[in-house]
Student: 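The following block contains the structure, expressed as structure tokens.
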Protein chains: 2
Amino acid sequence: MPSRHLKGGCFSLSKEARCVTCSLSSLCLPLSLNLEDIDQLDRIIKRRQPLKKGEHLFRQGDAFECVYAVRSGSLKNYIMTNEGEEQITNFHLPSELVGMDGIDCDVYPISAKALETTTVCEIPFTRLEALAHDLPDLRQQILRIMSKELRDDKQMMMLLSKKNAEERVATFISNLSQRFKRRGYSQFTFRLPMSRNEIGNYLGLAVETVSRVFTRFQNAELIAVNGKEVHILDMDQLIELAGMVDCGSAQPPEKIAAAQ
Amino acid sequence: MPSRHLKGGCFSLSKEARCVTCSLSSLCLPLSLNLEDIDQLDRIIKRRQPLKKGEHLFRQGDAFECVYAVRSGSLKNYIMTNEGEEQITNFHLPSELVGMDGIDCDVYPISAKALETTTVCEIPFTRLEALAHDLPDLRQQILRIMSKELRDDKQMMMLLSKKNAEERVATFISNLSQRFKRRGYSQFTFRLPMSRNEIGNYLGLAVETVSRVFTRFQNAELIAVNGKEVHILDMDQLIELAGMVDCGSAQPPEKIAAAQ
DNA sequence: CGTACATTTGATCCACTTCAAACTCGGTGG
DNA sequence: CCACCGAGTTTGAAGTGGATCAAATGTACG
């Protein structure tokens with residue numbers, strides 16, 4: 001299989017930290033690259049020390065230099081309103097790419113902060129760009145990732161402008177569930193890495209409203225909640241309640257839309 | 001004084017319709033390309049017959065084949081909720097690129113419809129991709145355009161989840177004003193290409209609310225409105241009211257964020 | 001010049017926010 | 001080992017911004 005020799009200088013941390021052996025590679029940047037190309041990508045990626053909960057990966061206004069792939073843990077992205085309050089724009093789970101919206105600025109337009117202990121792969125953007133010059137598949141994958149984020153953003157706009165509180169929370173939970181599933185975790189039982197406050201901020205709701213909807217869902221036996229632990233008891237109804245399916249958010253674009 | 005006509009750079013269509021002579025090229029895809037490269041880009045671009053008001057450029061679910069640059073007129077993008085109502089996700093003015101969020105689907109995830117008589121440049125995506133293989137500047141420009149859209153989307157999320165009705169409308173008007181200005185039109189006097197209904201849909205407000213805010217602004221002598229004609233009387237206060245500056249939405253990323 | 005549609009205005013209603021207070025839980029130090 | 005603290009969460013009560021309903025006015029266009 002891998003004809004290439006292991007690159008020199010892989011000690012303690014870096015030993016296992018290679019794209020070829022990474023269980024997330026099929027969801028991440030290396031997708032659709034062949035082994036040699038993955039190896040090239042590997043060489044420009046730095047594995048950083050884990051971030052502790054609450055630490056920033058980067059701050060709005062920092063010089064834009066790298067994009068990052070989450071390896072474990074989770075992050076939130078947020079921007080600041082001019083009154084100084086934060087608006088969370090995204091949560092990131094393992095395999096997801098962070099920082100792509102800084103490409104045409106010299107600085108990151110958003111901040112990224114760890115919700116728990118989190119490890120990331122650091123990818124210097126200029127080197128990624130240079131590599132993409134030679135690897136059409138990598139280029140395409142970058143575009144795919146960005147256009148997927150664009151589509152997710154449109155779904156989020158729809159949520160914020162058309163859905164009521166229950167639909168928002170149902171959408172949020174079922175979306176998380178699908179993402180966990182894709183990453184090999186249970187789709188029915190998981191731990192929310194973010195606080196109620198952060199959920200509310202993200203969904204455009206007051207904390208109290210989020211809390212109330214959680215209890216309502218619990219009473220309706222849709223879910224069972226214990227602090228941050230969530231069990232989904234009735235997935236069908238939850239998705240039904242969520243309203244619209246997040247087409248393309250969880251699954252690759254099969255022939256879903258073809259039916260239309 | 002009435003707003004000038006949109007001079008997308010064409011009288012008899014195909015003859016004048018070349019990127020090199022197009023007045024929009026500095027805002028559009030050719031930005032930062034040299035003359036030769038522009039010429040190459042030119043060759044893959046098709047100029048279509050103008051769309052009439054209400055016609056679709058493409059529909060959600062159509063096979064994804066091309067991206068489009070608006071040359072004159074304007075478009076709206078929208079997605080359908082599963083109840084069949086539309087959610088407008090964007091309005092597009094001349095020089096703006098449409099359809100990039102379809103890249104990783106086989107189909108367009110949104111619809112694009114003309115708000116008025118509109119001409120576009122049609123760019124077959126596979127050919128664009130092939131060309132981008134040889135032109136790093138073009139590649140970068142594509143990334144820039146997409147990442148700019150990502151940033152605009154985050155701003156929109158902030159608007160939808162944190163701003164009240166007046167702030168939303170003020171943001172909307174001042175944002176349009178800046179975009180018109182960049183394109184060489186008056187920033188103080190312009191014609192809204194969309195209906196009140198569409199504004200409300202886009203901003204997550206009921207039509208009635210939009211209308212009320214317009215009259216309130218008019219009474220406060222912030223703006224003067226006559227149907228779709230808008231005069232901005234007090235730009236400073238309007239921007240003040242809009243709350244947060246759309247950093248990067250209108251201007252290229254100067255050293256705005258550096259101050260932080 | 002009249003019909004259909006878009007916009008405006010007024011009156012009422014309601015989902016969510018806000019304010020206030022109790023409760024839970026993980027951690028910490030006496 | 002347990003009392004205590006503070007942040008996060010839940011619950012209750014009251015207030016409100018914008019939605020909805022209804023109707024009048026304005027406007028485009030065949």
Student: Is B:Ala165 touching bases, backbone alone, or none of the nucleic acid, heavy atoms closer than 4.0 Å?
Tutor: sugar-phosphate
Student: Of the nucleotides C:dT7, D:dT9, D:dG18, which one has an atom closest to the side chain of B:Ser211?
Tutor: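 Nearest listed nucleotide: C:dT7.
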Student: Whole Å only: how far is the CD atom of B:Glu198 from the P atom of C:dC5?
Tutor: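 Computing the B:Glu198:CD to C:dC5:P distance gives 15 Å.
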Student: Distance check needed: D:dG8 P versus A:Arg212 CZ, whole Å only.
Tutor: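 Rounded to whole Å, this separation is 19 Å.
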Student: Mind checking if A:Thr209 touches a base, just sugar-phosphate, or nothing, with heavy atoms under 4.0 Å?
Tutor: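 Contact class for A:Thr209: base.
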Student: Rounded to whole Å, how long is the line connecting atom NZ of B:Lys52 with atom P of D:dC29?
Tutor: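 Value for this atom pair: 14 Å.
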Student: Quick check for you: among C:dC16, C:dT7, D:dT11, whose closest atom lies nearest to any side-chain atom of A:Glu208?
Tutor: D:dT11
Student: Measure from the side chain of B:Asn197, starting at C-beta and using heavy atoms only, and say which of D:dT20, C:dT7, D:dT10 lies closest.
Tutor: C:dT7
Student: More than 12 foreign heavy atoms under 6.0 Å from CZ of B:Arg59: is that the case here?
Tutor: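 No, because the 6.0 Å sphere around CZ of B:Arg59 holds 12 heavy atoms or fewer from other groups.
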Student: Should the pair A:Tyr108 and A:Phe58 be assigned to parallel (<30°), tilted (30 to 60°) or perpendicular (>60°) ring geometry?
Tutor: parallel
Student: Could you work out, with side chain to side chain donor-acceptor pair (under 3.5 Å) as the rule, every residue matching B:Thr209, not counting sequence neighbours?
Tutor: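 Scan of B:Thr209 (side chain to side chain donor-acceptor pair (under 3.5 Å), adjacent residues dropped) gives none.
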Student: Would you jot down, in residue-number order, the residues of residues 213-232 of chain A having a non-hydrogen atom under 4.0 Å from DNA chain C?
Tutor: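 By residue number: none to list.
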Student: Mapping A:Val210 and B:Leu205 to their closest nucleotides on DNA chain D, which lands nearer the 5' end?
Tutor: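 Upstream on the strand: A:Val210.
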Student: So does A:Leu24 get a backbone contact from the side chain of A:Ser95, meaning a donor-acceptor N/O pair under 3.5 Å?
Tutor: no
Student: Using a 4.0 Å heavy-atom cut-off across all strands, classify B:Gly200 as base, sugar-phosphate, or nothing.
Tutor: nothing
Student: What is the distance, to the nearest angstrom, from the NZ atom on A:Lys163 to the P atom on C:dA15?
Tutor: 19 Å
Student: Step through the shown structure and confirm whether more than 12 heavy atoms of other residues, nucleotides or ligands are within 6.0 Å of NZ on A:Lys228.
Tutor: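 It does: A:Lys228 NZ has more than 12 such atoms within range.
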Student: Whole-Å distance between D:dT25 P and B:Arg196 CZ?
Tutor: 19 Å
Student: Mark yes or no for a side-chain to base donor-acceptor pair under 3.5 Å between A:Glu166 and C:dC16, with no hydrogen or angle criteria applied.
Tutor: no
